[in-house]
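Worksheet: the structure to be examined is printed underneath.
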Amino acid sequence: MRKSDRERKWEEIDIRNFLQESANDQQIPQSLLPQHMEERLKQKNTGQEKDKDKLLITEKAEFRKRRKRNKYFGWWCGTFAAAACMALVLFAAGHNLNWKSGMEDGCIDMTQGEEEAADGMAASDTEKTTYKKLYENFDKIWSEQEKLDLGQKEYAKADGGTNGAETAGQAEEGAERADLAAEDSSAETETSAENSSEDYGKTNQQEQSVEEADIIKNDGRYLYQVIFQKSKESYTVRIADTKDGLTEITRIGDFAEIQDIYVSDDMLIVLEPGWAESSKELKREQTEYLYEDNKENGFIQIIENQIEKVFHTDSAVDLDMTDEISGYAFCRIRIYDIADRRNPQECHTFTVKGNYMDSRISDGYLYFFASCDASRPERPENFKTYVPVIDGEPMAEEKITLPEDTSAASYLVMASVDLERPDSFADTKALVTSADKFYVSQSSIYVAESQYLSYGKKGKNTDSTRIYRYSYKDGRMNKEAEGSVKGTLRDDMAMNEYQNYLRMVTTVEGNNGEEVIDDISGEVIGYDTADFYTANSLYVLDQNLQVTGRIEDLAEGERIYSARFMGDKGYFVTFRETDPLFSADLSDPQKPKILGELKISGFSEYLHFYSKDLLLGLGMEADESTGETNGMKISMFNISNPSDVREQSKLNLPEYDYSEALYNYKAVLIDPKKNLFGFSAEGYGEDYERVYLLFTYENGEFQQILNIDCSDDKRWGSAMLRGTYIRDRFFLTSQNGRIEEYSLTDKSRTRELEP
């Protein structure tokens, strides 16, 4: 069922007819007749439009109201009137509607329930999960967190408030670390461009046939670019035509933010994150208005109860009206028809409550991943507060997996869209987890949840990673298996599937906890941790996520920095003071083995197969005795003999200290078939320097073919840079809207497009 169909499921005339038949013999106060209440509500809303400061707390709220007023105003009026009438009939008759049953069922209409029952879900997804069990599971976690928060407040009070400030600072620092971790990812397998006959740049991605989103796209003629419009303080997607010049032909949308985009044939997909302020106060104000003149007629509580239930059940209510907390994140998936590039048409918009995490396109379907927090509701039946919300509806129970012994109060929400028929979700699933790493092969979605080292346990403890595997085909996703290994993943690239086996490299942290006993009472008052250690492991898992082979306790005292898999071989880098590049034979899933270990200075943050015999490394040079970094470097490793890997050539870049490419593989332009790779780099010497560097690799040496100075913020802005190419032309783009074109033949700048 389409969202628009669900929004029409309660037509006002049908409700009024039903209520009229149920209440013919009832005496209803004139002030509560539907037509009177609707008229008063319209008058109230008119007055409120003149008093925006009262209605709209923030500028964002004003923006949302402006865009949605036409869509929802009529519905608001009808719904409030209908809600009041329902309250009257229930008060008078008491047997016509069963609200409790509807609430317990998640308020999903019959048609939608029939659709979801036909989805072919795995039995493991449907056996145990109910809204009641979800609430009971989260209630324990919420209670523990509330105790912890209360304890911190009391301690801060006793400490004169200073500890509270430190706690806030630590929380801010933790959020910053989480943001950096979210950015820290790397590619796994050959890029699609390597096996493509099309002579233009494509987004660097993990799997050859699984497309990933980015802030620019290139189809061989048109460039699609996410830009920030400084004059409007908003984002848009610009389409530039490169044929016979460089010309802007249109801009699509006016967004508060754009995360990423796709271009798939004649479809443009815009992934738009957002933040919704709670409208609880506005809702309460509207509710009070409906019965302000009826405070002595006995209908007050019933009207309030029924309006509350309408707000928490009907899908036509905008997301802004459903949450009990102060605000929440949401994502929109906007689909545009761009067959006529000069006149794009919006086809459909999907809404998912939660933070955008990642996405893929495979075999004509978009697969979308978001993280949704479960917040404590005022009442257990307020499902939209702690159950994922898809297009305004709480997700059905059978769509949700609640793992045993989970300690997460959040979900991974997964949704798919058929790009040939983008009018409804093909499938939706949710998993209770705090997972933040994904790997999508050609047939499976792997979800990884880090479970960090505990310092409050007796005995030997290590951190671990919990893994879930979902199969996917034709948009349908089914949970197939779950498992666990020791250690945590550096990033998404540390996972790879080959011949139905998952290979993983992890860094393992461990300690030995000893009880601290009170000398007088003999009670355990805490734990003392000793024997702290760090090592690394390689695991091979089957389709049931059972470990079939392992190599543990590698490179003690070091950590995984990058990894890459190709066929039955794997390569990974650890680092402390030097850069051991390990090569591994994975041809026997039961008996993986290390083939070689190359020790060189520095480390590689990103690895990319440049040919079957060459492996490109991008990272940092470092002092071999101290481990202190001293600028970037590029290495080319000869892997023709995996047992004897050699650093064939190296180029030090001491003037540059940072590159987005070190942490985001999509920032790397790389096409080994074209013999071209590039990235932006920044230096923090006496003068700040930002450049875009473009290289080839010829005769065993790196050749720099372009060095474009992008230090001028007035010209380039401070936003992210991306490079791409079409045949013999190279294009450098900035999110401020600038595009510069260069000839790959004579290296001259030929054209530019201003912001």
Exercise for review: Cation-pi check, Lys353 to Tyr328: give yes when NZ or CZ is under 6.0 Å from the six-membered ring centre and within 45° of the ring axis, no otherwise.
Suggested key: yes

Exercise for review: Applying side chain to side chain donor-acceptor pair (under 3.5 Å) between Thr574 and each of Arg559, Glu597, Glu558, Glu556, report the one that passes.
Suggested key: Glu558

Check your understanding: So, the side chain of Asp585 versus the backbone of Lys593: is there a donor-acceptor pair under 3.5 Å, distance only?
Key -> no

Check your understanding: Going through the checks in order, is the side-chain hydrogen bond (donor to acceptor under 3.5 Å, both in side chains) test met by Glu660 and Asn664?
Key -> CA-CA 6 Å; Glu660 185 193 355; Asn664 178 8; 3.0 Å; yes

**Study point:** Residue Asp613 excluded, over 12 heavy atoms near CG under 6.0 Å
**Key:** yes

Review point. Just wondering, more than 12 heavy atoms not from Glu552 lying within 6.0 Å of its CD?
Key: yes

Exercise for review: May I ask you to decide if the ring planes of Tyr606 and His608 are parallel, tilted or perpendicular, using 30° and 60° as cut-offs?
Suggested key: tilted

Exercise for review: Answer yes or no: does atom CD of Glu420 have more than 12 heavy-atom neighbours from other residues, nucleotides or ligands under 6.0 Å?
Suggested key: no

Practice item. Report the C-alpha distance between Asp373 and Ser375 in whole Å, list the side-chain angles of each, state the deciding distance to 0.1 Å, and finish with yes or no for side-chain hydrogen bond (donor to acceptor under 3.5 Å, both in side chains). Key: CA-CA 6 Å; Asp373 290 334; Ser375 302; over 6 Å; no

Practice item. Starting at CG of Leu616, measure out to CG of Leu607 and round the result to the nearest 0.5 Å. Key: 8.0 Å

Point to revise | Shortest non-hydrogen contact between Ala408 and Val432, atoms and distance | key: O-CG1, 3.7 Å

Exercise for review: From the options Phe695, Tyr692, Tyr725, select the one residue that forms a ring-ring contact (aromatic ring centres under 6.0 Å, His included) with Phe730.
Suggested key: Tyr692

Point to revise | Donor + acceptor pair across side chains of Glu207, Ser441 (<3.5 Å) | key: no

Exercise for review: Just say parallel, tilted or perpendicular for the rings of Phe582 and Phe572, cut-offs at 30° and 60°.
Suggested key: parallel

Review point. Which heavy-atom pair separates Ile227 from Ser734 by the least distance, and what is that distance?
Key: CG2-O, 4.4 Å

Review point. With no hydrogens and no angle check, do the side chains of Glu497 and Tyr446 hold a donor and an acceptor under 3.5 Å apart?
Key: yes

Point to revise | Phe425 vs Val352 side-chain heavy atoms within contact, under 4.5 Å | key: yes

**Study point:** With Phe731, the side chain to side chain contact (heavy atoms under 4.5 Å, CB included) member among Asn218, Thr724, Ile216, Leu669
**Key:** Thr724

Review point. Tyr610 and Asn675: side-chain donor and acceptor closer than 3.5 Å?
Key: yes

Review point. Between Glu509 and Tyr452, do the side chains contain an N or O donor and an N or O acceptor separated by less than 3.5 Å?
Key: no

Check your understanding: Looking at Phe565 versus Tyr498, is the centre-to-centre ring distance below 6.0 Å?
Key -> no

Review point. Would a distance-only check, ignoring hydrogens and angles, find a side-chain to backbone donor-acceptor pair under 3.5 Å from Ser450 to Thr488?
Key: no

**Study point:** For Tyr262, the option from Asp214, Leu271, Ile335, Leu268 that meets side chain to side chain contact (heavy atoms under 4.5 Å, CB included)
**Key:** Leu271

Exercise for review: Indicate yes or no: at least one non-hydrogen side-chain atom of Met357 is less than 4.5 angstrom from one of Asp436.
Suggested key: yes

Check your understanding: Got more than 12 heavy atoms from elsewhere within 6.0 Å of NZ, Lys486?
Key -> no

Practice item. Indicate yes or no for a side-chain donor-acceptor contact from Gln648 to the backbone of Asn638 under 3.5 Å, with no hydrogens or angles considered. Key: no

Check your understanding: Applying the side chain to side chain donor-acceptor pair (under 3.5 Å) test to Tyr472, which of Ser416, Ser443, Ser362 qualifies?
Key -> Ser362

Practice item. Go through the side-chain N and O atoms of Glu212 and Thr203 and say whether any donor and acceptor fall under 3.5 Å apart. Key: no

**Study point:** Separation between NZ of Lys429 and CD1 of Ile400, rounded to the nearest 0.5 Å
**Key:** 11.0 Å

Check your understanding: Do the two ring centres, one from Tyr411 and one from Phe138, sit under 6.0 Å apart?
Key -> yes

Exercise for review: Determine whether Leu662 and Met620 make a side-chain contact, defined as any pair of heavy atoms from C-beta on separated by less than 4.5 Å.
Suggested key: yes

